There are 2 protein chains.
Amino acid sequence: VTRWKLTLEYDGAAFCGWQRQDNQPSVQQSLEEAVTAFCKETPSVQGSGRTDSGVHALGQVAHVDIQYPATGEVVRDALNHFLRNQMVCVHSAEAVPDDFHARFSAKQRHYWYRLINRRVPLVLEKDRATRVNGDLKAAPMQEAANLMVGGIHDFSTFRAAACQSKSPIKTLDSARIETSLDEFHFYFSARSFLYHQVRNMVGSLLLVGLGEWSVDDFKRAFEAKDRSKGGPTAPAEGLYFHHVDY
Amino acid sequence: VTRWKLTLEYDGAAFCGWQRQDNQPSVQQSLEEAVTAFCKETPSVQGSGRTDSGVHALGQVAHVDIQYPATGEVVRDALNHFLRNQMVCVHSAEAVPDDFHARFSAKQRHYWYRLINRRVPLVLEKDRATRVNGDLKAAPMQEAANLMVGGIHDFSTFRAAACQSKSPIKTLDSARIETSLDEFHFYFSARSFLYHQVRNMVGSLLLVGLGEWSVDDFKRAFEAKDRSKGGPTAPAEGLYFHHVDY
């Protein structure tokens, strides 16, 4: 048996999310079916973390155990062959030690939130970014984001009700906002995130960027440790699971 | 009556092309129906040039005459409202003099061809770029492209059989190839292009970039003035009508 680390790209709009669900197309099910089509085995595919419907991945990582002997190139190409009509592909398949676990071995997760600031509807970037109209400013958003970086904080204000984490206490290692023409790119890095944490942080940062909140308003909402004091949840289509460090 | 210059973005994969055709969705028809929905008039919408099915636009230009009095902002927002379920949007509507003509007043057209050099199938960029596998090199492609730039040349080698231009003699003002990670971007500028000229030039340049042709092979093919001596036509999905100068 070889344990394979798979690095994956997918279009979140085509799936109900990462996790297998009855009667809905999930990334996990597509991968498991491709593995079975390749080697006639039925192992489960374990991801580094779940993503919701609409959330994309550029470098999601999963692991799977396969008995059939093959090289990484063959595993990658064979899975891509059986995934050819689906909106997911395998960038690489690397043999890893038996104790590698896509979820529990992860040291750092990196998310990217992509926003386009314009009045006109998105066409070529539809479902690939979130559109925001209005006079959006990066500097106050970065100032507010900096309040969350480093140390340990209670992120209850940005935690979805359905979150299954034991604790809302997390360390956010990095929160960077970059602009390019009419695009705003948010990069967040942490060992782990609460459910909807990135989308909820972005939703509140946008209130600051649009001038509806001051940085102090953001600080008060964050320190309230109360989801009802936070801004709205930013849409899924702008969120990308960027990559994972092990 | 006001003549409006419309700047348009569209997803070529959603249309049979620019030009109105029976029983197939065209960009022209979508726009004309949006104009009618807005002001109950039925003017024709004239584009700066046709694009084929699959070819995208970031800054296609069209003109249309509308009697109903409105500001540019209202025309833009109203057309976007009626186009909201379609893969085309209006970036701007500007009032122009009566003698402005989207096609005949154009001084320079700019095309972008977007290529991703990788083995793995495209997912997030599916239908938005062309994938090429293999060891692609920019420098020899740029050297070959330079042979076509400036002066006047007979572009018959890169002219589709169905081309309706009177003459294959054109001036290509610029041909630039830029790379970024695994992406190759081709930029072409000219007063006008022959039918399929950009896709045919790219198809032959790719033979050079992949080492199947030398730069001299490209030169011989170009100078043969014979389509049968050229490389294949590059796929539509990588081509973007970038913008037009007036």
Side-chain angles (χ1 to χ4, degrees), chain A residues 6-15 27 30-31 34 51 54-60 72-93 112 114 116 118-129 131 133 180-182 237-242, chain B residues 6-15 27 30-31 34 51 54-60 72-93 112 114 116 118-129 131 133 180-182 237-242:
Chain A
L6 307 176
T7 303
L8 308 166
E9 173 184 341
Y10 51 81
D11 170 9
F15 297 100
V27 183
S30 288
L31 286 165
T51 51
V55 177
H56 313 294
L58 287 164
Q60 167 74 288
E73 288 73 25
V74 166
V75 171
R76 178 197 63 197
D77 291 351
L79 294 183
N80 283 333
H81 171 74
F82 291 111
L83 292 167
R84 68 192 176 281
N85 296 320
Q86 304 200 43
M87 294 301 266
V88 48
C89 71
V90 179
H91 277 259
S92 65
W112 171 39
R114 183 177 173 215
I116 301 181
R118 73 185 208 189
R119 180 178 181 84
V120 170
L122 301 185
V123 170
L124 284 162
E125 306 304 339
K126 190 175 185 300
D127 292 332
R128 297 284 184 275
R131 181 179 68 90
N133 191 15
S180 168
L181 300 176
D182 62 352
E237 60 258 36
L239 184 59
Y240 292 74
F241 194 118
H242 198 276
Chain B
L6 307 176
T7 303
L8 308 166
E9 173 185 341
Y10 51 81
D11 171 9
F15 297 100
V27 183
S30 288
L31 286 166
T51 53
V55 177
H56 312 294
L58 287 164
Q60 168 74 288
E73 289 72 26
V74 165
V75 171
R76 178 197 64 198
D77 291 351
L79 295 182
N80 284 332
H81 171 74
F82 291 110
L83 291 167
R84 67 192 177 280
N85 296 319
Q86 303 200 45
M87 294 300 265
V88 48
C89 71
V90 179
H91 277 259
S92 64
W112 171 38
R114 183 177 173 215
I116 300 182
R118 73 185 207 188
R119 180 178 180 85
V120 170
L122 301 184
V123 170
L124 285 162
E125 305 303 340
K126 187 174 187 299
D127 293 332
R128 296 284 183 275
R131 182 180 67 90
N133 191 16
S180 168
L181 301 174
D182 61 354
E237 60 257 36
L239 184 59
Y240 292 73
F241 193 119
H242 198 278

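Since the model is a prediction, treat every value here as computed from it, not as a measurement. All heavy atoms count here, side chains included; hydrogens, waters and symmetry mates do not. Below, chain A is the first sequence line, B the second, and so on; all start at residue 1.
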Engaged part of [X] at the chain B interface, taking heavy atoms whose separation is under 4.5 Å:
{"X": "A:Ala57", "value": "backbone"}
{"X": "A:Arg118", "value": "side chain"}
{"X": "A:His91", "value": "both"}
{"X": "A:Asp127", "value": "neither"}

key: Which residues share a side-chain hydrogen bond (donor to acceptor under 3.5 Å, both in side chains) with B:Tyr10, sequence neighbours left out   =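 Counting only residues at least two positions away or on another chain, B:Tyr10 forms a side-chain hydrogen bond (donor to acceptor under 3.5 Å, both in side chains) with B:Thr51, B:Gln60.
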
message = Less than 4.5 Å apart, side chain to side chain, heavy atoms only: is that true for B:Arg119 and A:Asp77?
response = yes

key: Heavy-atom side-chain contact between B:Leu83 and A:Val123 under 4.5 Å   = no

ring-ring contact (aromatic ring centres under 6.0 Å, His included) against B:Phe241, all qualifying residues, sequence neighbours excluded = B:Tyr111

inquiry  = Shorter than 4.5 Å, heavy atoms on both sides: which option in B:His56, B:Lys126, B:Glu9 has the most such pairs with chain A?
reply    = B:Glu9

query = Which heavy atom in A:Arg76 sits nearest to a heavy atom in A:Val90, and how many Å separate them?
reply = CG-O, 3.4 Å

